[in-house]
Amino acid sequence: MKTLSYINLIMAAVFAAFCCYQVVYVLVRLRGRGRSFQAKGQRRYGVLIAARNEAAVIGQLIDSITAQKYPARLVDIYVVADNCTDSTAAVAAAHGATVWQRRNKTQVGKGYALNFLLSKIAQERPQEQYDGFFVFDADNLLDPHYIAEMNKVFSNGCQVVTGYRNAKNFGDNWITAGYGIYFLRESEYLNRPRDYLGTSCGVSGTGFLFSSQLLEKLGGWNYFALTEDLEFTLDLICRGEKVAYCGSAVLYDEQPSSFRQSVVQRARWMRGLMQIMSKNGRTLLRTLIGSGSFACYDMLMNSLAPSLIMGLGFILNLVMFIVGLVNPVQDSLRETGSVILTALAALGGTYLGLYVTGLLTLITEWRRIPCRAGRKVLFSFTYPFFMASFMAALAVAMAGSAEWKPIRHTVAVSLGDLDGRH
């Protein structure tokens with residue numbers, strides 16, 4: 001029993017030692033540090049949208065793109081209606097996008113859809129010369145200044161830029177709020193400090209921009225894992241490239257509101273991480289050891305370590321608690337009580353740490369979150385439970401049943417609707 005307690009303390013100490021550098025990240029954010037840019041000309045962009053049965057929301061995204069405070073002649077919108085069985089293609093075309101339909105039941109996933117879309121542009125629009133490409137999901141909404149703000153960073157020579165990711169349905173329930181805090185923290189407490197300190201940020205699924213020059217250097221879009229965004233990010237880091245951050249470019253996206261759908265999505269993230277580590281683990285380790293890449297270390301600590309440590313820690317403390325309850329005869333009651341208290345203290349400490357993390361994010365991003373004040377306060381207490389529910393997703397992923405499945409989006413709102421939610 002004492003051994004379990006010691007192992008628990010060692011795991012906590014190791015995790016703290018490996019991740020203590022993030023205290024610097026927090027200080028950078030709390031002091032408001034960040035790089036600022038002035039546009040060096042206006043670049044020409046292609047917008048890439050992979051959509052599967054998104055007729056309910058894709059029109060609002062395209063409208064938010066055409067309403068940008070950026071010259072419309074410099075932005076072309078392309079949509080791949082990927083294995084759709086609804087009117088996604090017709091709705092996207094009616095709102096002004098160039099649409100191609102894709103039918104492929106074998107190569108399924110966003111990575112394949114993006115590869116298809118880029119190939120179609122190259123084949124059928126060879127006369128179009130784009131400086132860079134934006135990637136959005138069909139459920140996104142863009143602040144009117146989004147492209148202009150991203151252009152400021154991109155036009156200063158940054159090859160890949162990611163923006164500020166907010167949730168358009170933050171206030172629906174504890175699950176959507178959990179996602180919202182999770183991505184806001186990634187934007188402001190990870191990517192902003194990374195950018196300021198000169199290391200690489202991470203691309204997070206949607207709302208990013210990459211240069212045509214970089215795409216050519218990479219030999220096209222060849223990222224087909226279940227988490228193609230992480231695969232893309234880690235490949236860039238291994239090549240010595242950096243992802244920049246633009247906190248003034250605000251994007252809103254819809255988060256799953258049901259627990260089951262949330263677990264399915266996050267299980268896909270976990271499974272995608274396993275795919276990447278299986279395929280590229282050696283390359284990542286060689287880069288980390290050979291070049292001493294801090295960016296590589298940072299990404300591994302934020303993608304791999306939390307899942308493993310949280311999973312092992314949860315299982316260990318659960319075992320300690322159960323053993324202490326059902327087997328009091330083997331040890332003295334005092335020792336049994338000590339073990340139970342140790343387990344409870346570890347769980348309580350984990351909850352407190354996650355609560356403080358979520359609360360800091362809520363406080364600093366308060367004015368930008370489309371949700372009423374009372375619900376924001378309530379959701380600060382539920383955020384640790386959202387993070388703990390990653391354990392259910394990890395279990396599903398480890399069972400090997402996490403495949404790419406489309407997330408149903410139904411929150412068809414405009415930016416004006418979001419303003420009324422504050």
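Excluded from the calculations below are hydrogen atoms, water molecules and symmetry mates; all remaining heavy atoms, backbone and side chain alike, are included.
- A salt bridge links R102 and D82; the closest N-O separation between the charged side-chain nitrogens and carboxylate oxygens is under 4.0 Å.
- Taking the ring centroids of F224 and Y112, they lie under the 6.0 Å cut-off.
- For N151 against G41, the heavy-atom pair with the smallest separation is ND2-O, 3.0 Å.
- D253 contributes no side-chain N or O that, together with a main-chain N or O of R165, makes up a donor-acceptor pair within less than 3.5 Å.
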key: side chain to side chain contact (heavy atoms under 4.5 Å, CB included) between R194 and M299, worked out   = CA-CA 11 Å; R194 286 167 175 162; M299 289 298 162; 3.5 Å; yes
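- Ring pair F134/F136: centre-to-centre distance below 6.0 Å.
- Note on ring orientation: taking the six-membered ring where Trp is involved, the planes of F183 and Y179 are parallel (angle under 30°, cut-offs 30° and 60°).
- Residue-environment remark: OH (Y21) exceeds the threshold of 12 foreign heavy atoms within 6.0 Å.
- The aromatic rings of F386 and F390 stand perpendicular to each other, their planes meeting at an angle above 60°, with 30° marking the opposite boundary.
- Formation of a donor-acceptor pair under 3.5 Å by the D195 side chain with backbone atoms of C246 is not found in this model.
- Dense packing is recorded around CZ of R103, with more than 12 heavy atoms of other residues, nucleotides or ligands lying under 6.0 Å away.
- Formation of a donor-acceptor pair under 3.5 Å by the N53 side chain with backbone atoms of T85 is found in this model.
- For T233 (side chain) and V203 (main-chain N/O), a donor-acceptor pair under 3.5 Å exists by modelled atom type.
- The pair E149-K69 fails the salt-bridge criterion, with no side-chain N (NZ, NE, NH1 or NH2) lying under 4.0 Å from an Asp/Glu carboxylate O.
- For the pair Q129 (side chain) and P126 (backbone), a donor-acceptor distance under 3.5 Å is present.
- In this structure, Y355 has its ring center closer than 6.0 angstrom to the ring center of F381.
- In this structure, the ring of Y245 has its center no less than 6.0 angstrom from the ring center of Y164.
- Put simply, the residue from F37, Y45, F133 that forms a ring-ring contact (aromatic ring centres under 6.0 Å, His included) with F154 is Y45.
- Proximity of a side-chain donor or acceptor of R268 to a complementary backbone N or O of L226 within less than 3.5 Å is detected.
- The backbone N or O of V160 lies less than 3.5 Å from no partner atom in the side chain of K242, so there is not a single donor-acceptor pair.
- Put simply, the side chain of N104 gets close to the backbone of Q107: a donor and an acceptor are under 3.5 Å apart.
- Relative ring orientation between F232 and W221 is described as tilted, the plane-to-plane angle lying within the 30° to 60° band.
- In this structure, E365 does not pair ionically with R185, as no charged nitrogen and carboxylate oxygen lie closer than 4.0 Å.
- A parallel orientation is assigned to the rings of Y78 and W100, their planes being inclined by less than 30° (bins at 30° and 60°).
- Aromatic ring orientation, F294 versus Y297: tilted (interplanar angle from 30° to 60°).
- Between R44 and D131, none of the side-chain N atoms (NZ, or NE/NH1/NH2) sits under 4.0 Å from a carboxylate O, so this pair counts as no salt bridge.
- Environment of CD in Q213: sparse, with no more than 12 heavy atoms of neighbouring residues, nucleotides or ligands closer than 6.0 Å.
- At least one donor-acceptor pair under 3.5 Å links the side chain of T88 to the backbone N or O of E54.
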